[in-house]
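First the structure, in the form of structure tokens, and then the observations on it.
All values below were derived from every heavy atom in this structure, side-chain atoms included, with hydrogens, water molecules and symmetry-related copies excluded. All of these numbers come straight from a predicted model, not from anything done at the bench. Chain naming here is simple, since letters A, B, ... match the order of the sequence lines and numbering starts at 1 in each.
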Amino acid sequence: MIKIRYFGFLKEILNLEEEEIKWSKGNSQELLTFLRTRSSFWAESLSEENIFRLVINKKVIYETTPISSGDEIAILPPVTGG
Amino acid sequence: MIKIRYFGFLKEILNLEEEEIKWSKGNSQELLTFLRTRSSFWAESLSEENIFRLVINKKVIYETTPISSGDEIAILPPVTGG
Amino acid sequence: MFWVKIQEAPFDAELPNLDQKIQENNCGALVSFKGIVRGYDEKDPLDYLYLEHFPEVTEQEIERILQRAQGHWGIRSAIVIHRVGRLNIGENIVLVMVSASHRKAAFEASQFIMDYLKTEAPFWKKEFFQNGNSRWVEAKQSDIEQKKRWALS
Amino acid sequence: MFWVKIQEAPFDAELPNLDQKIQENNCGALVSFKGIVRGYDEKDPLDYLYLEHFPEVTEQEIERILQRAQGHWGIRSAIVIHRVGRLNIGENIVLVMVSASHRKAAFEASQFIMDYLKTEAPFWKKEFFQNGNSRWVEAKQSDIEQKKRWALS
């Protein structure tokens, strides 16, 4: 199992703060691909331009990274602080 | 008569805060030329690189300007504030 | 000395202490930037802002930005305070303070930090308008452009 | 609102009021720069600085600098406080505060104002060293170079 957290407008359009899904193995890119196959709505919501970065176990990742069972993944939309 | 005021290190090397001199007419460049003819020490002290700007009656001048009797001229060395 | 703080409370009352905190021995320049909630965007009059963030990750990312600024400009100290939660018009939202030996480093580093805060730190703003509408703010192209000028090693 | 003040007294205690003074309606960005007397130059340990200026002309020249900044960046307000007389190590020497709608204008205008203060306003610094020597500070080539980047209309 892995936990996925959503932030900002993603949390709102998906109406989902977090979820747990089964995950044996695969990398961060494969996780996104999997989520996008759920429906055209998911594919659109998680389009490349809607995703700023992924965070695994509270560490921001800057390139494709393996995801293992037990990991917590956060999906961050483009940031607008400051 | 005109009054001439010196500031910063000019005041110190000339050992002169202000002086009054006779002046019938001429411009700011001619005043400098006149002062420089007093001695080689004056010529050196008032060399171009030692003069940042002239001020006539509390107005900074940016180009050659006529000087009339009664004017107060200030000679400013390069500034070092901030 | 780096100091990063995410808080709901305003920080204006803290400013005098921060000034003392950051003014290190033999630093000649202190730059501070304060961001304030503006009353209207292009279209509708704003009622208030709501800011969400990602606790822990936000602090890490800001410290990473400060480390980069120190590596490049050799700044002495930096303080970042960023508010979250509900923010009304006219309230302060972000504070960046940088001390350095000379003014060029302090100015450039504080601009760099602001540009990166805007485009790297996990904050999300939602605007609530006086007409009852609300929307998540979209990332600004101009912020992304401003970031590009820093071609740091 | 432009506000220029030349004074012998320190200005730290005034800072909280100035913050309120400059934070105008709907301004989103406030930048402030504080210059501090550093303890040593390249060679000798400093004892203190002495600053001379040209009363009336100094204020005029600073206002001219602020007018140019407003013309170019459309800043809302600016405050300049410059101290004169004897200044000890670690004391503040100059304050520039600028408010504007957006951060780019506030940052650039405050840098412009500092660059021009250094090279246009009639202040002269004399350094008094711990070994008893003293000398008038020479204008820095680096300040003149920094000024050149502003090719304002």
| message | Quick one, B:E72 and B:I2 - any side-chain contact, counting heavy atoms below 4.5 Å? | response |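 Side chain of B:E72 against side chain of B:I2, heavy atoms only: no contact under 4.5 Å found.
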| request: Before accepting this row, confirm whether a basic side-chain N of the pair D:D115/D:R149 lies closer than 4.0 Å to the acidic partner's carboxylate O. | output: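 Answer for the salt bridge query: yes.
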| task | Return the option, out of B:T80, B:L76, B:V55, with the maximum number of heavy-atom pairs under 4.5 Å with chain D. | result |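 Of the options given, most contacts go to B:T80.
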| B:P78, B:A74, B:G82: which one forms the most heavy-atom pairs within less than 4.5 Å of chain D? |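 It is B:G82.
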| Side chain / backbone / both / neither for D:W136 at chain B, heavy atoms under 4.5 Å |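 Just its side chain gets close to chain B.
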| Pick one: which of D:N88, D:L87, D:N92, D:I81 meets side chain to side chain contact (heavy atoms under 4.5 Å, CB included) with D:P10? |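 By the side chain to side chain contact (heavy atoms under 4.5 Å, CB included) criterion, D:P10 pairs with just one of D:N88, D:L87, D:N92, D:I81: D:N92.
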| message | Distance alone, cut at 3.5 Å: any donor-acceptor contact between the side chains of D:Q141 and D:E145? | response |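 Looking only at side-chain atoms, D:E145 and D:Q141 do form a donor-acceptor pair, the distance falling under 3.5 Å.
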| query | Under a 4.5 Å heavy-atom cut-off, does chain D meet the side chain of B:K11, its backbone, both or neither? | reply |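 Looking at B:K11, just its side chain touches chain D.
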| query | Listed by chain and number, what are the side-chain contact (heavy atoms from CB on, under 4.5 Å) partners of D:K147, not counting sequence neighbours? | reply |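 Partners of D:K147 by the side-chain contact (heavy atoms from CB on, under 4.5 Å) criterion, ordered by chain and then number, come out as D:Y116, D:T119, D:E120.
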| message | Just so I understand: if I count every heavy-atom pair under 4.5 Å between each of D:H53, D:R64, D:R83 and chain B, which residue has the most? | response |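 When all of D:H53, D:R64, D:R83 are compared, D:R64 has the most.
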